[in-house]
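Down below is the structure, laid out as structure tokens.
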Number of protein chains: 2
Amino acid sequence: MVRICNYGFDKKVIEEHRDIYGIAYTQNIISGRYKNLIIWYLKENDRRYNQIKKFLEGVSQGSLTKQLRELEDDGIINRTIYPEVPPKVIYGLTEKGKELLPIIDMMEAFGKEHGEQPEEQEN
Amino acid sequence: MVRICNYGFDKKVIEEHRDIYGIAYTQNIISGRYKNLIIWYLKENDRRYNQIKKFLEGVSQGSLTKQLRELEDDGIINRTIYPEVPPKVIYGLTEKGKELLPIIDMMEAFGKEHGEQPEEQEN
DNA sequence: CAGGATCCCTTCCGATACTG
DNA sequence: CAGTATCGGAAGGGATCCTG
């Protein structure tokens, strides 16, 4: 089911143009200020909640938790809880989540090529 | 320069993690409810304002115009005005914009693979 | 036809306080 | 440590009115 929130697309558009369904679906998953970066950060290793939080310095718990839950609901990451004291929660990419890496990889490449010299762009 | 709006990233994050600059830059460009679809729609042919509007049925002029302007400012599309009566404005992808197509292509592929059978996902 | 300007609502996100 | 709950600000997007 396609989320309507996250500035996604509603059924009408999707019904009319079946070929853009995939774009809308994927956009729904990765739209969110930190989602791409979370996925990117989990690329090499599984990480704990606070590691992710530290990596994204500035993010609030509320926002981070919400984004992690949404990614989990979408099957992009999985959450493993170790019932210790203090608690330990490990986040890692699912197989589905790993399939997003090439996309983010290309985003990084695009940005590296075009966004590196900001002041050299003619305004 | 990285826009702070569009739920982008501020300088702090970017300075700290140079490797995620590209992701943030690209995300800034394509974040927006219709931007990916606009780029996708311009893939095959240049289009007029009203063609795009019709394709995205439901979008308001205000939103569409804003997204088109931002894409233009980011060098993704170019706008050609034909001073006729009634006026005619053609939008097309720049070379830089065409480089985004593989990314959107992969988004479509991902969505097609994972988002097609919504009710077969275990909840 | 292709917008510009304005108003308003929704969603996203940060800040803070509190908990097992 | 890893959250939950609540509040409020800011940005995105829709609706409407108006224009060259």
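Chain naming here is simple, since letters A, B, ... match the order of the sequence lines and numbering starts at 1 in each. Quick caveat, the model's predicted, so the values are computed rather than measured. Just so you know, these numbers use all the heavy atoms, side chains as well, and skip hydrogens, waters and symmetry mates.
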### Query
Which residues satisfy the ring pair (Phe, Tyr, Trp, His ring centres under 6.0 Å) test with A:Tyr41, sequence neighbours excluded?
A:Phe55

#### Entry: Partners passing ring pair (Phe, Tyr, Trp, His ring centres under 6.0 Å) against A:Tyr91 (at least two apart in sequence or in another chain)
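For A:Tyr91 there are no ring pair (Phe, Tyr, Trp, His ring centres under 6.0 Å) partners, ignoring immediate neighbours.
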
Has [X] got a side-chain N or O lying under 4.0 Å from the OP1 or OP2 atom of [N]?
{"X": "B:Lys53", "N": "C:dA2", "value": "no"}
{"X": "A:Lys66", "N": "C:dC13", "value": "no"}
{"X": "A:Ser63", "N": "C:dG14", "value": "yes"}
{"X": "B:Tyr49", "N": "C:dG4", "value": "no"}
{"X": "B:Arg48", "N": "C:dA2", "value": "yes"}
{"X": "B:Arg69", "N": "C:dG4", "value": "yes"}
{"X": "B:Arg79", "N": "C:dG3", "value": "yes"}

### Message
Restricting to side-chain contact (heavy atoms from CB on, under 4.5 Å), what partner residues turn up for A:Ser60, sequence neighbours left out?
### Response
A:Ser63

Nearest-angstrom distance from the residue atom [atom1] of [X] to [atom2] of [N]:
{"X": "B:Glu57", "N": "D:dG13", "atom1": "CD", "atom2": "P", "answer": "18 Å"}
{"X": "B:Leu64", "N": "C:dG4", "atom1": "CG", "atom2": "C1'", "answer": "13 Å"}
{"X": "B:Leu71", "N": "D:dG12", "atom1": "CG", "atom2": "P", "answer": "13 Å"}
{"X": "A:Gln67", "N": "D:dG3", "atom1": "CD", "atom2": "P", "answer": "14 Å"}
{"X": "A:Arg33", "N": "C:dT11", "atom1": "CZ", "atom2": "C1'", "answer": "14 Å"}
{"X": "B:Asn36", "N": "D:dG13", "atom1": "CG", "atom2": "C1'", "answer": "16 Å"}
{"X": "A:Gln61", "N": "C:dC12", "atom1": "CD", "atom2": "C1'", "answer": "16 Å"}
{"X": "B:Glu72", "N": "C:dG4", "atom1": "CD", "atom2": "P", "answer": "10 Å"}

Please tabulate, one pair per line, all N/O donor-acceptor pairs under 3.5 Å involving side-chain atoms of residues 97-106 of chain A, not counting sequence neighbours.
unit_1: A:Lys98; atom_1: NZ; unit_2: A:Glu95; atom_2: OE2; d: 3.4
unit_1: A:Glu99; atom_1: OE1; unit_2: B:His114; atom_2: NE2; d: 2.9
unit_1: A:Glu99; atom_1: OE2; unit_2: B:His114; atom_2: NE2; d: 3.4

### Message
Both A:Thr65 and B:Val59 contact DNA chain D. Taking the nearest nucleotide for each, which residue is further toward the 5' end?
### Response
A:Thr65

### Query
What's the closest nucleotide to the A:Tyr34 side chain, out of C:dC13, C:dA17, C:dC12?
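Among C:dC13, C:dA17, C:dC12, the one nearest the side chain of A:Tyr34 is C:dC13.
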
### Task
Give me the residues of residues 81-90 of chain A where at least one heavy atom lies under 4.0 Å from an atom of DNA chain D, by number, or none.
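Result for residues 81-90 of chain A: A:Pro86, A:Pro87, A:Lys88, A:Val89, sorted by number.
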
### Task
Apply side-chain contact (heavy atoms from CB on, under 4.5 Å) to the pair B:Ile38 and B:Gln67, showing each step before the final yes or no.
CA-CA 9 Å; B:Ile38 292 170; B:Gln67 307 236 343; 4.2 Å; yes

### salt bridge (charged side-chain N to carboxylate O under 4.0 Å, His left out) contacts in which one or both residues fall within residues 76-94 of chain A, not counting sequence neighbours
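Salt bridge (charged side-chain N to carboxylate O under 4.0 Å, His left out) check on residues 76-94 of chain A returns A:Glu72-A:Arg79.
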
### Task
Could you give me the CA-CA distance, side-chain angles and deciding distance for B:Ile29 and B:Lys35, then say whether side-chain contact (heavy atoms from CB on, under 4.5 Å) is met?
CA-CA 8 Å; B:Ile29 287 180; B:Lys35 285 184 183 173; 6.0 Å; no

